[in-house]
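Okay, so here's the structure we're looking at.
From a predicted model like this one, the values you see are computed outputs, not experimental measurements.
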Amino acid sequence: MSALTLQLPPNLKFTDEQFEQVVLFNKELRLELTQYGELVIMSPTGGETGNRNFDLLGQIWFWNRQNNLGKAFDSSTGFKLPNGATRSPDASWIKIERWDALTSSQRKKFLPLCPDFVVELVSESDDLEDTQAKMQEYIENGLRLGWLINPKKKQVEIYRPLVEVEVLQSPTSLSGEDVLPGFVLNLQLIFA
């Protein structure tokens, strides 16, 4: 099962508060809103993807806890992108300076910014082209580094601003580069 996109009439646009209410009343659903006002219902993941995502988040959490350079988030965190879309990457991170610049009220809602770093982990229920388009959307909205990890193909697409997407086949690790200094993601369990 893949994500379901509901086409809404052009004159029906959610305000931030209305979309938050829809999400609040449908807690069992993982919802995103595209820049065009389409409501995307993401299907739950299977056990393998859930376990891979947990490993991924654990590695990011451990690095972030040791370095304390920013704030890390899981897939239930919504980001209100500059283009108007509200997205929830599988894993994400922002520099501490950007977190500190948010008001207390902003921190409690969908964060009004694009993360510095995101990871999307392709699951059985994901459409690869849709996920690639989402990664491109992050780049267009200010993302500094993004990884699209496809365990089935043992492939990683690396997204950076102003350069072509880099595709790696069967890498054993990934570097956080200058965005996540010192972070190295071990892909052995994710590709297992």
Are any non-hydrogen side-chain atoms of [X] and [Y] less than 4.5 angstrom apart?
X: N141; Y: Y138; answer: no
X: I149; Y: L185; answer: yes
X: S88; Y: F73; answer: no
X: F79; Y: C114; answer: no
X: K95; Y: R144; answer: yes
X: P181; Y: L69; answer: yes
X: L102; Y: P112; answer: yes
X: I60; Y: F62; answer: no

Nearest heavy-atom neighbours spanning [X] and [Y]:
X: I139; Y: P161; answer: CD1-N, 3.8 Å
X: S173; Y: V184; answer: CB-CG1, 3.7 Å
X: F110; Y: K80; answer: CB-N, 4.4 Å
X: L128; Y: V122; answer: CD1-CG2, 4.0 Å

### Query
Is a salt bridge present between R160 and E166, judged by a nitrogen-to-oxygen distance below 4.0 Å?
yes

### Task
Could you walk me through whether W93 and V179 pass side chain to side chain contact (heavy atoms under 4.5 Å, CB included), step by step?
CA-CA 9 Å; W93 181 88; V179 178; 4.3 Å; yes

Are the side chain of [X] and the backbone N or O of [Y] linked by a donor-acceptor pair below 3.5 Å?
X: Q106; Y: T103; result: yes
X: D74; Y: D90; result: no
X: N51; Y: G47; result: no
X: R52; Y: L189; result: no
X: Q59; Y: N186; result: yes

### Message
Is it true that, when you exclude E164 itself, more than 12 heavy atoms of the residues, nucleotides or ligands shown sit nearer than 6.0 Å to its CD?
### Response
no

### Message
For the CD atom on E48, are there more than 12 heavy atoms of other groups (residues, nucleotides or ligands in this structure) within a distance under 6.0 Å?
### Response
no

### Message
For a side chain to side chain contact (heavy atoms under 4.5 Å, CB included) check, start with the C-alpha distance between I94 and F117, then their side-chain angles and the critical distance, and finish with the verdict.
### Response
CA-CA 7 Å; I94 62 172; F117 169 76; over 6 Å; no

For the atom pair [atom1] ([X]) and [atom2] ([Y]), what is the distance rounded to the nearest 0.5 Å?
X: L143; Y: R87; atom1: CG; atom2: CZ; result: 13.0 Å
X: F54; Y: L121; atom1: CZ; atom2: CG; result: 14.0 Å
X: T172; Y: I190; atom1: OG1; atom2: CD1; result: 12.0 Å

### Task
Kindly write out the residues that satisfy salt bridge (charged side-chain N to carboxylate O under 4.0 Å, His left out) with R98, not counting sequence neighbours, or none if the list is empty.
D116

For residues 151-158, run the donor-acceptor check on the side chains, cut-off 3.5 Å, and write out each pair with its distance to 0.1 Å, sequence neighbours left out.
| from | atom 1 | to | atom 2 | distance (Å) |
| --- | --- | --- | --- | --- |
| Q155 | NE2 | Q169 | OE1 | 3.2 |
| E157 | OE1 | Q132 | NE2 | 3.3 |
| E157 | OE1 | Y159 | OH | 2.6 |
| E157 | OE2 | Q132 | NE2 | 2.7 |

Is [X] linked to [Y] within one hydrophobic cluster, defined over Ile, Leu, Val, Met, Phe, Trp and Tyr using a side-chain heavy-atom separation of less than 4.5 Å?
X: L56; Y: M135; answer: no
X: L57; Y: V119; answer: no
X: L148; Y: L180; answer: no

### side chain to side chain contact (heavy atoms under 4.5 Å, CB included) between R107 and W99, intermediate numbers included
CA-CA 8 Å; R107 291 177 184 179; W99 174 260; 3.3 Å; yes

### Message
side chain to side chain contact (heavy atoms under 4.5 Å, CB included) for N68 and I96? Distances and angles first, verdict last.
### Response
CA-CA 8 Å; N68 206 25; I96 196 67; 5.5 Å; no

#### Entry: Under 3.5 Å side-chain donor-acceptor pair for N83 and E137
yes

